Amino acid sequence: MADTEKPSNFIRHIIAADLAADVYVTRHWSGKPGPAAQQKVGADGTAPRLDTAKIRTRFPPEPNGYLHFGHAKSICLNFGLALDYHGACHLRFDDTNPEKEEQEYVDSIIDAVHWLGFDWQGNQYFASDYFQWMYDFAEKLIEAGHAYVDSQSADEMRTSRGTLTEAGKNSPYRDRTPAENLALFRAMRAGEFADGTHILRAKVDMSSGNINLRDPAIYRIRHATHHATGDTWCIYPMYTYAHPIEDALENITHSICTLEFEDQRPFYDWLLARLAELDCVNTPLPQQIEFARLNLSYVVLSKRKLIQLVEEGHVDSWDDPRLPTLVGARRRGYTPEAFRRFNEMIGVTKSDSWIDISVLEECQREHLNQTTPRRIAVLDPVKLVIDNYPAGQEEECLAPNHPQKPEWGKRPVPFSRELWIEREDFMEAPTKGYFRLFPGNTVRLRYGFVVKCIGCDKDAAGAITAVHCEYMPDSKSGTPGSDNYKVKGNIHWVSAKHAYAAEVRLYDRLFAVEAPGEDGRDFIADLNPNSKRVITAQLESALQGAAAEDRFQFERHGYFVADRIESKSGAPVFNRTVTLRDSWAKGK
Ligand code: ATP
Ligand code: MG
């Protein structure tokens, strides 16, 4: 059933075993209260296939920032598993925290997941929609003696929690009766107490070796307005309490998260087992599975650091093509296909490791090589004058759109007396092994004629202002006899009269070192000062018609995309996605 071409991993093994043992086959939407049961039809009118999904995963972002490359790993994993095993993956906004979330982030998360190529089939949820269930379940836990209201100060709670080597101490309030606790909890909910005066704790075990089981806090008083529920609530569930309930209410089967939640798994299991006993949630219960987060060299993947880069103006915006945000990647011209391929390649493991950014860049190159048409661009232009070509005359040369795909055809490129070539393709005094233009040397103008260099013009400061040459009329590429010319150099060009002069942004890695901020350095000090260079380039005229987000290979330079925000119709500007070769590779 699973796509056998994909490499297996420990999560796929778990799922395959669960499916083989029919662990989740008894899961039907059995009438227990739950948002999923109520939302059999998605917001867009499509049936979310709640009854047929064989497994159910979720991607649960907190809508308090833009998604980054680390989130892409989680998205590819969760949505990918759902696709491969005929399951469903929910998009759940984890908005239990009243202070931070914003609609702007919700919208950008929806866009980013769609852009990566995934769909939640109507299964879009907000954790804040479950506040009433969470509250009701808390009352049930209290009645059953599994939760109590603690009235110690924050300091007292901290001291009595103990340490890794020392057991915690029971709170003096731990033995309040269920009736007392219920009354206090209802008073908390009714707004009778100030923030921090009382807290609801699960009654587990203050002497547990796992600190997360020492009566963790599950509800706190917080007089704050929530973006979705307004002032309905002045108590809010803690993440460790809310998350397992969200999973259970949505009938998630495999709740996949990063390794730092491993120590929380015993509480996840404890809580859901109690709620199952109390008939609050469906069984079989979801299982939490942890994997190693993505760590990528040459970038930072922490929301806090990304915010700092934007707010302090080190980058232009959240979608700056240098940022490892998904909006940034999109503007840079990265493709979703290459992201998915990258995530397949790096796989999923249980141990932390670093992935070199060159692996992601190489995935982009591979995909762009297959999918982009070739175009000609001169990034650092100098004039080439063909002295023996009649002024006013022009003709067409034919350039292939893809060297390995003849079926993509050829396009005409205009040729005339004055061309733009790269400044580095001429040297007045050539160094050893230089085969391009220098006085007396012969090169081929790619897809055009063979020319012989006869000199150059210079300004008063000695800078070269034009290169002169003579062409061989019988050397035109593709015409009989053109092969008789044997030349070592082959350079690209665009006709000056026809060229489109465009803004091109040459992006490079945002940081100059592998591990920004390593060894206690301020990560800002590790920024690459050359991560963005804006130039005016001379492009072949066809590029003027490029639409936003059209991608190309500029021959000999790299892959470029028409900027999706700043391109205007008939006036696209281009961003460099990635160079043709890795200029950062060690030993170069
Ligand atoms: P950050 O660490 O950048 O603040 P976060 O974990 O707080 O991110 P959430 O919105 O809570 O951000 O994350 C949504 C999901 O993405 C979570 O399931 C989280 O585990 C996952 N995720 C976040 N960062 C990574 C990463 N580097 N690699 C893999 N998954 C990640
Ligand atoms: Mg988080």
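Along the sequence shown, residues carry numbers from 1. Note that ligands are numbered from 1 as they come in the structure, with each ligand's atoms numbered from 1 the same way. None of these values were measured; they are calculated from a predicted model. Worth knowing before you read on, the calculation uses all heavy atoms, side chains too, and leaves out hydrogens, waters and symmetry mates.
Distances from atom 6 (O) of ligand 1 to the heavy atoms of Glu62, Arg293, Arg58 put Arg293 nearest. In this comparison of Lys303, Glu290, Arg92, Lys73, the heavy atom closest to atom 4 (O) of ligand 1 sits on Lys303. Atom 28 (N) of ligand 1 has its nearest heavy-atom neighbour, among Thr258, Leu294, Leu301, in Leu294. The closest heavy-atom contact to atom 22 (N) of ligand 1, among the options Glu260, Lys305, His71, comes from His71.
Per-residue contacts place Pro60 under 4.0 angstrom from the following atoms of ligand 1 (heavy atoms of the residue considered): 14 (C), 18 (O). Which parts of ligand 1 touch Ser302 is read off a 4.0 Å heavy-atom cut-off, strictly below it: atoms 3 (O).
Looking only at side-chain heavy atoms (C-beta outward), Leu278 and Leu141 come within less than 4.5 Å of each other. Residues Asn78 and Cys89 meet the side-chain proximity criterion, which asks for heavy atoms closer than 4.5 Å.
In Arg304, neither the side chain nor the backbone holds a heavy atom less than 4.0 Å from any atom of ligand 1. Residue-level proximity to ligand 1 for Phe59 is carried by the side chain, the only part with a heavy atom below 4.0 angstrom.
A side chain to side chain donor-acceptor pair (under 3.5 Å) with Glu246 is found for one member of Arg58, Arg92, His90 and no other, namely Arg92.
Between atom CG of residue Leu326 and atom CZ of residue Phe339 there is a gap of 5.5 Å, rounded to the nearest 0.5 Å.
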Requested in this report: Please step through salt bridge (charged side-chain N to carboxylate O under 4.0 Å, His left out) for the pair Arg331 and Glu549, ending with a clear verdict.
Outcome: CA-CA 8 Å; Arg331 261 191 99 174; Glu549 293 208 276; over 6 Å; no

Requested in this report: Give the C-alpha distance, both sets of side-chain angles, the deciding distance and a yes or no for salt bridge (charged side-chain N to carboxylate O under 4.0 Å, His left out) between Asp316 and Lys532.
Outcome: CA-CA 11 Å; Asp316 300 330; Lys532 176 183 182 183; 2.7 Å; yes

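Polar contact check, Gly70 against ligand 1: a nitrogen or oxygen pair lies under 3.5 Å apart.
Side chains of Asn575 and Asp563: a donor on one and an acceptor on the other come within 3.5 Å.
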